[in-house]
2 protein chains.
Amino acid sequence: RESDPSAAEMDSRGTGLEMLFANEPERHPSLRVRAARPCNAEAAPESLLPYVTPNELFFVRNHLPVPVIDADTFELAVEGPGIPDDFRVSVTDLKTKFPPTSVMVTLQCAGNRRAEMHAVKPVKGLQWESGAVSNAVWTGVRLRDLLAAAGYTLPDLSSAELPDGVAHVHFDGAEGYGASIPAEKALDPRGDVLIAYEMNGEPIPRDHGFPLRAVVPGHVAARSVKWLSRIALSDDESPSHWQQRDYKGFSPSATLETSDYSRAQSIQELPVQSAIVFPRPGDAVVPDKDGCVPVRGYAVSGGGRAIYRVDVSPDGGKSWIDADIVRAPDQPYGRHWAWTQWEARVPVAAAISASLSPSAAAGSSAASDAEPVGKITLVCKAVDSSYNSQPETFEGIYNVRGVLVGAWSR
Amino acid sequence: RESDPSAAEMDSRGTGLEMLFANEPERHPSLRVRAARPCNAEAAPESLLPYVTPNELFFVRNHLPVPVIDADTFELAVEGPGIPDDFRVSVTDLKTKFPPTSVMVTLQCAGNRRAEMHAVKPVKGLQWESGAVSNAVWTGVRLRDLLAAAGYTLPDLSSAELPDGVAHVHFDGAEGYGASIPAEKALDPRGDVLIAYEMNGEPIPRDHGFPLRAVVPGHVAARSVKWLSRIALSDDESPSHWQQRDYKGFSPSATLETSDYSRAQSIQELPVQSAIVFPRPGDAVVPDKDGCVPVRGYAVSGGGRAIYRVDVSPDGGKSWIDADIVRAPDQPYGRHWAWTQWEARVPVAAAISASLSPSAAAGSSAASDAEPVGKITLVCKAVDSSYNSQPETFEGIYNVRGVLVGAWSR
Ligand SMILES: [Mo]
Ligand SMILES: [Mo]
C-alpha cells in the first residue's frame, strides 16, 4: 500500500521533524491529546455539554503542522470557468465586500468514536473517543457569492440540471492538505457552504484555520478545509491524498491490503450518530428516589437531517425511553447543521436489581449494611429525519481504517 | 386507541361493504395479495428482477376502494396564496400546456418487509414480504411549474430562505386518502416532484392512480398520492389520518396504546434498505465448481441518496463480499430516485462445510452417495451515499406498526 504523506506518523520517526512544529499554537489543557504532532486532540466530555463549544475547547484535528499566516497579506486564489487566471481575494475583501453570513455547524471527524471500534477489533487511526465533534457559529461569505464575484456564472437554479464541466469544488489548505465536495452542495444556496473568517464571533483560531476556513455543513469535517488558500472548480474530485486514498468506507472484510480506493466512494455526508457523554463508562451512579439517573449526550446526522428521536436504554437494549432533545431553533427543514443534545431520566433500578444475582444480593445484604453495587449497560441510539437508525454493533460496520463509527453508544 | 378509518379491516367485517369494491380493476395473477379489499398486493420475486417494473407487476398498495374516474371531465384543484379560489386544471391541460418531464422513481411502502419483523415480534399491519417496492418511469408536470401557472409566486431560489406561510404541500386523493410533503421538497426544482399522468409510457393504470398521481421521489410511497384531486399549500401538515395518525416511527418500547402520534414525526424520506430476492429462504442451491452461488437483490435509499455498496455474506455476517451493482445512468448527485439492483457470486462452500457437523457429514457420506445438504444463512446489507448502514436485527428498530423495516436481509 501507499505511504501516508500526512504527518500522522512523524512522532514515531524521531527524525528531527519536530522543527516543523515549532510554531504550534497554545492549547487548552482540557483537550485530550490523541497525537501530539500534528496535533489531534478531542474535546473533553465536559466540553461537549455547552450547546455551542467554546473555541478553546473545540476538538483539534490537524493533518500537518499549523501554518503561520499573516492575515494582512494572505490571499485566497479562486479558479474555474470564467474566473481570471490570477484571481485572488484578500481577507479584508471577504470581510468588507460581501454580506456576512453566520451558520451554526457541528463538525465531526470521520473517526469519531474510533477507539470503541478498535476495542472490538483493531483499526488503524487515531484513538478518538466520542469527543472528535464540536459545534460552533461560523461567519463568512457564502461560497456561491464568492464564485459569482470571481466571474463564474452560477447555474440557473430554476433548472433541474447543473451545467456541464463543474462537478466538484476543491479546497486546498496552505499547509498542504486538500479535499473536495460535490458541486451540487457547493453551489446550493441552501447548502450554506461558507468561506468563514470568524468562529463564535472571533477570528478563527490558528488551530481551526486562521484566517480562512471552508465550512461545509452536514459533511464530514475533513471537507471543511482549514487555512484555505485555493478554491478550484473541476470536473473531478480533488487529487489530494486525503480525497483519493483516505476518508472512504469499506466492507468489514476489506483489509489494508485489499481496500480498493479507486472503487470506494469518498465520505461526504455523515450517517446518523449519537453518544452518551455522562455518565462515563465505569462511573458510579446513585439512582434518585424514583430509581432514575440522568443521562446526557449528543446526536447528529449528516446532510442537514434533523434528529427525530434518541432512545436510551438502562438494560443493554431490552427497553428504551425517549430522551428529551434540545436543538438550535430556526434550522429549516433539511438544514439541521447543528447537533442535538439530549437528556433522559433513565429508570435504572430494575436493571441494577437484575444485575445482582439472588445469591450475590442476599450475601451482600447479609454481610454488611452497604448497598449492593450492580452493573448496568446504558445504551443510546438516534434516529434522523430519514429514519435512519444506528447499527447495533461495530462488527457489521467494521472497517480497517475505523471511520464511520456509528454503532450504538454503550 | 382511535379507530382506523381506512378500509383495511373491511374484509373481516363482512357487512356488505363489498359493494364498494364492485369496480376494482383486474390484477395480474402473479401479484401476491396480502389483503383483498382494499387491494394490497406485492410484486412477486420474479417481478423484482427487471430494472423497470412492468405496470401490471408493480406492487399495489391501496387504502380504500379504487375510484372510477372519467379522465375527460376530471379536474385537479390547486389551492394556495395567489391562486384563484376556483382554480382547476384538467388532465388535457396538464398534458398539453406544460412541458412533460419523465423521472424514474422507485416507490417503496413504509411497511415493506414487515413480515420479517413480525416473525421476530408481532406487529400490526399488512404482512408484506420484500415485494412492496417497484420502479417505474413517471411522466407528468413538475409540481412547481403547475403551482406557478396557478398563480403562486415561487420562492427566490437564490435566497437561502423560504417565504413565510407555506411549509407543506397537501395532496388529496379522489378516494379519500390524503398526505403532505414539506414545501422545501415540493418546490425544489431538483426535488423532481411530479404530477404524473403516465407510468412507463402508458396512462397510469387505475390501481396506480389514474388519471393523476403525485410522485414524490425519495420519499415513502405513502406521500405519492394516487387519484390526485386536490393540491393545497399550507402552514401545516395534512390533517389526514394517514399523515397524523399513521406512517410515523416509534421506539421499540412504544405500544399501540403509548405511541404518541402528536410527538412523533411523519415518515418522509426513507432509510437505506436492501433485500435478497434470489435465492428465496429455503431454496436448495447447488454451488458451481468454484463453490459459488449467484445471489441477487435490490437496494434503495431515500432522499435521492445513491447506494454506494452492497455487502453479501455467505455465513450469517462473518465474512462479506462486495456485490456488483447496477443502477440507472444519468442520476445526478443527490437525485438517485431509482433503486440499485445487485448481483454477487457468493462463495458458499466453506459455509456449507461448516454447517455440517463432522459426524453428520461422515454419516451422510457413509450412508449414501447423496451429497450432504448444508444449511447456510445468506445476508445482505447496503450502504448509501451518506454512509448510512442497515441495522443488523429487527429488535433495535422494532416498532409496533412495523414500518421502516430495514434490518439486514437474511
Ligand atoms: Mo477527520
Ligand atoms: Mo405504505
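Since the structure is predicted, the reported quantities are computational estimates derived from the model, not experimental observations. Numbers restart at 1 for each chain; the letters A, B, ... are given by sequence-line order, proteins then strands.
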Note to self: Below 4.5 Å, heavy-atom pairs only: which of B/Pro252, B/Pro332, B/Pro271, B/Ala264 has the largest tally toward chain A?
What the structure shows: B/Pro271
Notebook entry, point to check: Do B/Ser262 and B/Asp260 meet the criterion of a side-chain donor-acceptor pair at a distance under 3.5 Å?
Noted result: yes
Next item on the list: Compute both the distance and the angle, then confirm whether B/Lys248 meets the cation-pi test with B/Tyr261: under 6.0 Å from the six-membered ring centre, within 45 degrees of the axis.
Entry: no
Checklist line | Side-chain H-bond candidate by donor/acceptor type, A/Gln273 with A/Arg113, under 3.5 Å | finding: yes
Notebook entry, point to check: Given a strict heavy-atom distance threshold of 4.5 Å, which part of B/Ile267 is in contact with chain A: side chain, backbone, both, or neither?
Noted result: both
Checklist line | Under 4.5 Å from a heavy atom of chain B, the part of A/Ser313 involved | finding: neither
Note to self: Can you tell me which portion of A/Glu392 sits under 4.5 Å from chain B's heavy atoms? Options are side chain, backbone, both or neither.
What the structure shows: both
Notebook entry, point to check: Of the backbone (N, CA, C, O) and the side chain (C-beta and beyond), which part of A/Ser266 lies under 4.5 Å from a heavy atom of chain B, both, or neither?
Noted result: backbone
Next item on the list: Considering only heavy atoms and a distance below 4.5 Å, find which of B/Lys185, B/Glu395, B/Lys318, B/Glu184 pairs most often with chain A.
Entry: B/Glu184
Next item on the list: Side chain from CB out, backbone as N, CA, C, O: work out which of these in B/Thr393 comes under 4.5 Å of a heavy atom of chain A, or both, or neither.
Entry: both
Check: Does the pair B/Arg345/B/Asp324 count as a salt bridge with the N-to-O cut at 4.0 Å?
Finding: no
Next item on the list: Mind ranking B/Arg335, B/His219, B/Arg142, B/Arg309 by heavy-atom pairs under 4.5 Å with chain A and telling me who comes out on top?
Entry: B/Arg309
Notebook entry, point to check: Between A/Phe250, A/Trp320, A/Tyr333, which has the largest tally of heavy atom pairs under 4.5 Å with chain B?
Noted result: A/Tyr333
Next item on the list: Answer yes or no: is there an ion pair linking B/Arg190 with B/Asp192, defined by an N-O contact shorter than 4.0 Å?
Entry: no
Check: Is a side-chain N or O of B/Ser259 found less than 3.5 angstrom from the main chain of B/Thr255, in a donor-acceptor match?
Finding: yes
Notebook entry, point to check: Is B/Arg144 salt-bridged to B/Asp188, cutoff N-O under 4.0 Å?
Noted result: no
Note to self: Looking at A/Gln268 and A/Ser180, would you say the former's side chain and the latter's main chain have a donor-acceptor pair under 3.5 Å?
What the structure shows: yes
Note to self: Can you tell me which of A/Pro391, A/Gly317, A/Pro189 forms the most heavy-atom pairs within a distance under 4.5 Å of chain B?
What the structure shows: A/Pro189
Checklist line | Under 4.5 Å from any heavy atom of chain A - which part of B/Gln390 | finding: backbone
Notebook entry, point to check: At a heavy-atom separation under 4.5 Å, does B/Asp322 approach chain A through its side chain, its backbone, both, or neither?
Noted result: both
Item checked: Flag for A/Gln243-A/Arg223: side-chain donor and acceptor within less than 3.5 Å -> yes
Check: With distance as the sole criterion, is a donor-acceptor pair present between the side chains of A/Ser386 and B/Glu269 under 3.5 Å?
Finding: yes
Checklist line | Option that, when pairs with chain A are counted at under 4.5 Å, heavy atom only, ranks first among B/Ile397, B/Leu270, B/Val379 | finding: B/Leu270
Item checked: Closest-packed option against chain B by number of heavy-atom pairs under 4.5 Å, given A/Pro182, A/Ser319, A/Gly302 -> A/Pro182
Item checked: Proximity breakdown for A/Asp330 and chain B, heavy-atom pairs closer than 4.5 Å -> neither
